Amino acid sequence: MAIQRTFSIIKPDATKRNLTGAIIAKFEAAGLRVVAQKRIQLTLAQAQTFYGVHSERPFFGELCEFMISEPIVVQVLEGEDAISKNREVMGATNPAEAAEGTIRKEFALSIGENSVHGSDAPETAAEEIAFFFSGLELVG
């Protein structure tokens, strides 16, 4: 397996409840290393652009409003098979279906307020990383 980079968001429901450190600790315990990170407040336009792939879905407006409701933490994680490892650590989107010990099982409030986002493929990871980070912000 190769070293990969993936993109991760700690969402508003988690930052509001001061769970940033606990979530990062789970990623690090799984062997993922944070190589870039920042806390930001998305604008509505940024949220709409980032989630544009969902613009025709009925939940799009609610998703964008949620993502601008509190600061978020965007980060780049690196490690062996980082994309699938990140998704494993996050758990299923529906916290009721998430495995014990996963971030969503422990911290999510609902399917919508599920504490984290992670890239689902190498191409998506590259696009999402480039949306939030310049090459100068990526270390190691």
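Atoms considered below: every heavy atom in the structure, side chains included; atoms not considered: hydrogens, waters and symmetry mates. Model, not experiment: these values are computed from the prediction.
A pairwise comparison of heavy atoms in I83 and A121 identifies CD1-C, 3.5 Å as the closest pair. Residues F107 and A22 share a closest heavy-atom pair of CZ-CB, 3.9 Å. Considering every non-hydrogen atom in both F133 and V74, the closest pair reads CZ-O, 3.5 Å. The minimum heavy-atom distance between T6 and S119, with the atom names listed, is OG1-CB, 3.4 Å. When all heavy atoms of V116 and K11 are compared, the closest pair comes out as O-CE, 3.3 Å.
The hydrophobic clustering, which links ILVMFWY residues whose side-chain heavy atoms are closer than 4.5 Å, places I103 and M67 apart. The hydrophobic cluster containing Y51 also contains I129, counting ILVMFWY residues as joined when their side-chain heavy atoms lie under 4.5 angstrom apart, directly or transitively. Hydrophobic clustering (side-chain heavy atoms under 4.5 Å, transitive across Ile, Leu, Val, Met, Phe, Trp, Tyr) groups F50 together with V76. Each of V73 and L42 belongs to its own hydrophobic cluster when Ile, Leu, Val, Met, Phe, Trp and Tyr are linked at side-chain heavy-atom distances under 4.5 angstrom. Note on V35 and V89: separate hydrophobic clusters, where clusters join Ile, Leu, Val, Met, Phe, Trp and Tyr whose side-chain heavy atoms are under 4.5 Å apart, directly or indirectly.
Between the side chain of E97 and the main chain of N94, no donor-acceptor pair closer than 3.5 Å is present. With hydrogens and angles disregarded, a donor-acceptor distance shorter than 3.5 Å links the side chain of N114 to the backbone of I111. The backbone N or O of M90 lies less than 3.5 Å from no partner atom in the side chain of K26, so there is not a single donor-acceptor pair. In this structure, the side chain of T15 does not engage the main chain of I72 through any donor-acceptor pair within 3.5 Å. Although no hydrogens or angles enter the test, the distance criterion places no donor-acceptor pair under 3.5 Å between the side chain of Q37 and the main chain of Q75. Side-chain atoms of R104 do not come within 3.5 Å of backbone N or O of S110 as any donor-acceptor pair. With hydrogens and angles disregarded, no donor-acceptor distance shorter than 3.5 Å links the side chain of T102 to the backbone of A98. Looking only at distances, no side-chain donor or acceptor of K85 sits under 3.5 Å from a matching main-chain atom of E78. Judged purely by atom type and a 3.5 angstrom limit, E137 uses its side chain to pair as donor or acceptor with the backbone of S134. For R87 (side chain) and G118 (main-chain N/O), a donor-acceptor pair under 3.5 Å exists by modelled atom type.
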With side-chain hydrogen bond (donor to acceptor under 3.5 Å, both in side chains) as the test, would you mind laying out the steps for T43 and Q46 before giving the verdict?
CA-CA 5 Å; T43 65; Q46 289 167 326; 3.3 Å; yes

Determine, step by step, whether S115 and R17 satisfy the side chain to side chain contact (heavy atoms under 4.5 Å, CB included) criterion, reporting the C-alpha distance in whole Å, the side-chain angles of both residues, the deciding distance to 0.1 Å, and the verdict.
CA-CA 10 Å; S115 300; R17 292 179 293 141; 3.5 Å; yes

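Here CG of L19 is found 5.5 Å from CD1 of I23. Values are rounded to the nearest 0.5 Å. To the nearest 0.5 Å, atom OG of residue S8 and atom CD1 of residue I10 are 5.5 Å apart. E62 contributes atom CD, which lies 14.0 Å from atom CZ of R57 (distance to the nearest 0.5 angstrom). Here the OG-CG distance, from S55 to L63, works out to 11.0 Å after rounding to the nearest 0.5 Å. Taken from CG in D81 to CD in Q4, the straight-line distance is 5.0 Å, to the nearest 0.5 Å. To the nearest 0.5 Å, atoms CG (L109) and CG (D13) are separated by 5.0 Å.
Every residue two or more places apart in sequence or in another chain was checked for a ring pair (Phe, Tyr, Trp, His ring centres under 6.0 Å) with F60, and none qualifies.
Checked against a 6.0 Å centroid threshold, the rings of F7 and F131 do not count as neighbours.
More than 12 non-hydrogen atoms from other residues, nucleotides or ligands lie less than 6.0 angstrom from CD of Q41. Within 6.0 Å of NZ on K16 lie no more than 12 heavy atoms contributed by other residues, nucleotides or ligands.
Side-chain atoms of R39 and T20 form a donor-acceptor pair, as typed in the model, at a separation below 3.5 Å.
Classification of the H54-F59 ring pair by plane angle, with boundaries at 30° and 60°, yields tilted.
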